[in-house]
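Inspection log for the structure reproduced underneath, given as structure tokens.
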Amino acid sequence: MTSLPSPSPKKLGLVIDLDICVGCHACAVACKEWNDGGEFGPLPDADPYGGEPNGVWFNRVHTYAVEQETPQGARELTVHFPRSCLHCETPACVTVCPTGASYKRAEDGIVLVDEDKCIGCQLCAWACPYGAREISAKKGTMQKCTLCVDRIYNETLDEADRQPACVMACPTRARHFGDLGDAQSPVSRLVAERDGYALMPEFGYKPVNRYLPPRPRRDGASASPAPAREETLEREKLPGVLRWLDRVLSR
Amino acid sequence: MRPTFSIICFTVLSGIGYGAWFLAGISLATHPLCFALDESSMSRLPGSLCNLPLTNLVSFLLAFALVATGLLCSLAHLGKPKRAWRALSQWRSSWLSREGIAALVTFVPASLLALTGFLVWTTNHPSWVFAPFWSMFALPLLGICLSAGALITVYCTANIYSSLKTIRAWHDRKVVAAYLLLALYGGLLFATAMARSDFAWMSVRDALCVITVMVAIPCVWLKYRYWRSLDTQPHISTGHAVGLELLGITRPLEAPHTEENYLTREMGFVLARKHSRKLRAIAFGLILFSPIVGFLLGLAIGPAASWLALTGGTLGLFVERWLFFAEARHAVIAYYGR
Ligand code: SF4
Ligand code: SF4
């Protein structure tokens, strides 16, 4: 069923601390490793040892520079930003799915894809503003973060290991896992304490995951004003026909 | 968004086919007997009521082929085409599912009509079609069902796109209106080309030409307004997407991956935006001027002109649809700062 279940009191999700993430990609690698062998795997890559390796990762770590003004002059703040499924409460990635493959679990709010039903139409990936879904060219089906549902309830693992692989792997403890529906849970308290925020709330998907912003720096930095941006086209990267089209139209 | 050939073919070809079916359905509902007559008896009919070119078997089957080819193209877009039947299950929430159902249901009256047409053709004027049950009830009803089915299917297709909030350009009522009007436009061009060349059909072709031009005008006006609002839409900034805009201007410093990935390939398409002016002018010109030129040229060279108009107009639709995808920006691209 791709209609959304009635909201559950339990909302499992992640809290990611942008203040201390060092951008080491350990979470992304651990995620790929676990999910390649876990219940939802494998996650095969195309051209893994060739010139253009590419494949599905559930977690992508961006690095941004934030321009700031300080009394000593302008400087940039580096922010590392892991991006994965936010297990939204009312996500369109579930409702647009024509097959019922994309669904949200009623009991804990985890958003999953049933690979046996998915036809690979990719509409759900189009519907997600957070880029949390990637199709596997090898398997023809949609792939996404499972919040390690095959770990967190896994009774063959030690109690302490029943956490998502990314959370276990993070060397700086920038990632926290828990129930964001329970206001008294450690993750909810962390969010309240540090003003954790949701990404792009205007879409109305109500993300469950929260990000903790970088703490204010001691140099008294403030935001610098915004300039405009130009987009660029990398012609060499286009396939032949399009490159030709680009040349013709550029005249 | 990457303009995928299979989806462009699907929306353009089946759009024209559904437009033609819509018109054929109306012709049938209003003049059911035309279906049972051949050309010679048609022109003998008082007032030439049967001068509607889409009710003959050949053009009906051609429209059928357009719809079917379009739908088959859409299957090529799927990662698992063999499971396509599963897409019929989630009509409660998914426009794609609704579209699939509408498309299949529309094949019911279409197939029945094709079958009737075939029987009429093989048995050469069977008397049963003239019985009130067929002429007064069954044929008009099938016609109405066909028109309604075609309309609903295109409406669902358009809603697949316009319901996506993540693509600002598409999240716009103009998208639905444009899909419907352009399908009608394609259907009219098709009908004009199908109109017979003998004298009895001549006036119909002229009339269809004029109607096509009258439909083309709101089409290009809608597209013009769509493009205008596309140009004024603010982009989502990287800082906003990351949620750090209050801290300062945010720009990507290092990408999360060295090669392209699904997201950057599928959603990071820039070529069209660079050339949008020229391509828009091409689409605008082809859509508007094809039927006008077809009409004027038709006075000189006859029916071949309508085929020329159909070709030009279809080309215009292809460019328009290519732009529809290629120009649309997906929200996720803000994370990549492209
Ligand atoms: S982040 Fe994207 S994929 Fe995950 S639940 Fe939200 S909309 Fe769906
Ligand atoms: S790609 Fe699969 S999961 Fe996504 S909408 Fe299509 S069928 Fe559903």
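None of these values were measured; they are calculated from a predicted model. Quick note on labels: first sequence line is chain A, next is B, and so on, each numbered from 1.
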| Which residue out of B/Val242, B/Leu279, B/Val332 racks up the most heavy-atom pairs below 4.5 Å with chain A? | B/Val242
| query | Aromatic ring centroids of B/Tyr335 and A/Phe81 under 6.0 Å? | reply | yes
| Segment of A/Cys97 engaging chain B (4.5 angstrom heavy-atom cut-off) | backbone
| In terms of heavy-atom proximity below 4.5 Å to chain B, should A/Val79 be classed as side chain, backbone, both, or neither? | side chain
| Contacting region of B/Leu75 [heavy-atom separation from chain A under 4.5 Å] | neither
| field | side chain to side chain contact (heavy atoms under 4.5 Å, CB included) partner of A/Pro98, chosen from B/Ile101, B/Leu96, B/Ile160 | value | B/Leu96
| What part of A/Phe203 lies closer than 4.5 angstrom to a heavy atom of chain B: side chain, backbone, both or neither? | both
| query | Do the side chains of B/Leu244 and A/Pro214 get nearer than 4.5 Å, heavy atoms only? | reply | yes
| said: For B/Leu263, which atoms come within 4.5 Å of any heavy atom of chain A: side chain, backbone, both, or neither? | reply: side chain
| Where does B/Leu246 contact chain A at under 4.5 Å (heavy atoms): side chain, backbone, both or neither? | backbone
| task | Test side chain to side chain contact (heavy atoms under 4.5 Å, CB included) on B/Met267 and A/Trp126 and set out the steps. | result | CA-CA 8 Å; B/Met267 289 140 194; A/Trp126 290 10; 3.7 Å; yes
| request: Could you tell me which residues in residues 86-93 of chain A have at least one non-hydrogen atom under 4.5 Å from a non-hydrogen atom of chain B, sorted by residue number? | output: none
| task | Using a cut-off of under 4.5 Å on heavy-atom pairs, state which of A/Arg83, A/Glu52, A/Met142 scores highest against chain B. | result | A/Arg83
| request: Determine which pairs satisfy salt bridge (Lys or Arg N to Asp or Glu O under 4.0 Å) with at least one residue from residues 72-81 of chain A, sequence neighbours left out, and list them in order. | output: A/Arg75-A/Asp219, A/Glu76-B/Arg251
| said: When you compare the side chain of B/Leu164 with that of A/Val96, does any pair of heavy atoms fall below 4.5 Å? | reply: yes
| Residue pairs, two or more places apart or on separate chains, that pass salt bridge (Lys or Arg N to Asp or Glu O under 4.0 Å) and touch residues 159-176 of chain B | B/Asp172-B/Lys174
| task | Give the member of B/Gly248, B/Ser93, B/Ser97 that has the highest number of heavy-atom pairs under 4.5 Å with chain A. | result | B/Ser93
| query | How about B/Gln233: does its CD atom have over 12 heavy atoms from other parts shown lying under 6.0 Å from it? | reply | yes
| Relative to chain B, which segment of A/Pro82 carries a heavy atom at a distance below 4.5 Å: side chain, backbone, both, or neither? | neither
| field | Options B/Arg277, B/Glu99, B/Glu245, B/Glu266, ranked by heavy-atom pairs under 4.5 Å with chain A, top entry | value | B/Glu266
| task | Write down the atom of A/Cys128, the atom of B/Thr166, and the distance for their closest heavy-atom approach. | result | C-CG2, 3.7 Å
| task | Starting from the C-alpha separation in whole Å, work towards a yes-or-no answer on side chain to side chain contact (heavy atoms under 4.5 Å, CB included) for A/Gln122 and B/His77. | result | CA-CA 9 Å; A/Gln122 304 163 47; B/His77 175 65; 4.0 Å; yes
| field | Region of A/His80 that comes under 4.5 Å of a non-hydrogen atom in chain B | value | neither
| field | Test item: A/His62 side-chain N/O and B/Tyr336 main-chain N/O as donor-acceptor pair under 3.5 Å | value | no
| note | Contacts of A/Arg60 meeting salt bridge (Lys or Arg N to Asp or Glu O under 4.0 Å) (sequence neighbours excluded), chain-then-number -> A/Glu134
| Counting only heavy atoms not in A/Lys139, do more than 12 fall under 6.0 Å of its NZ? | yes
| remark: Interface check, chain A: of B/Ala241, B/Ala255, B/Ser74, B/Pro256, most non-hydrogen pairs under 4.5 Å belong to B/Pro256
| remark: Most heavy-atom pairs under 4.5 Å with chain B, out of A/Pro213, A/Gly204, A/Pro201, A/Ala125, belong to A/Ala125
| said: side chain to side chain contact (heavy atoms under 4.5 Å, CB included), that's the test. Do A/Arg133 and B/Tyr262 meet it? Break it down for me. | reply: CA-CA 9 Å; A/Arg133 290 173 173 247; B/Tyr262 168 72; over 6 Å; no
| message | Strictly distance-based, threshold 3.5 Å: is any side-chain N or O of B/Gln90 a donor or acceptor partner for the main-chain N or O of A/Thr95? | response | no
| message | Is A/Glu115 in contact with chain B via its backbone, its side chain, both, or neither, using a 4.5 Å heavy-atom distance? | response | backbone
| note | Comparing B/Ala331, B/Ala84, B/Gly243 against chain A, the one with the most heavy-atom pairs below 4.5 Å turns out to be B/Gly243
| note | In terms of heavy-atom contacts, A/Thr78 and B/Leu253 come closest through CG2-CD2, 3.9 Å
| How long is the gap from CZ on B/Arg83 to NZ on A/Lys117, to the nearest 0.5 Å? | 11.0 Å
| Residue part contacting chain B, namely of A/Tyr211, when any heavy atom lies under 4.5 Å | neither
| With a 4.5 Å limit on heavy-atom distance, are the side chains of A/Glu202 and B/His240 in contact? | yes
| query | Nearest 0.5 Å, what's the OG-CG distance between B/Ser163 and A/Leu123? | reply | 7.0 Å
| request: State, to 0.1 Å, how close B/Arg86 and A/Ile119 come at their nearest heavy-atom pair, and which atoms those are. | output: CB-CG2, 4.4 Å
| task | Report the distance from atom CG of B/Asn261 to atom CD1 of A/Ile135, rounding to the nearest 0.5 Å. | result | 13.0 Å
| Choice from A/Asn54, A/Val56, A/Leu77, A/Thr141 maximising heavy atom contacts with chain B below 4.5 Å | A/Asn54
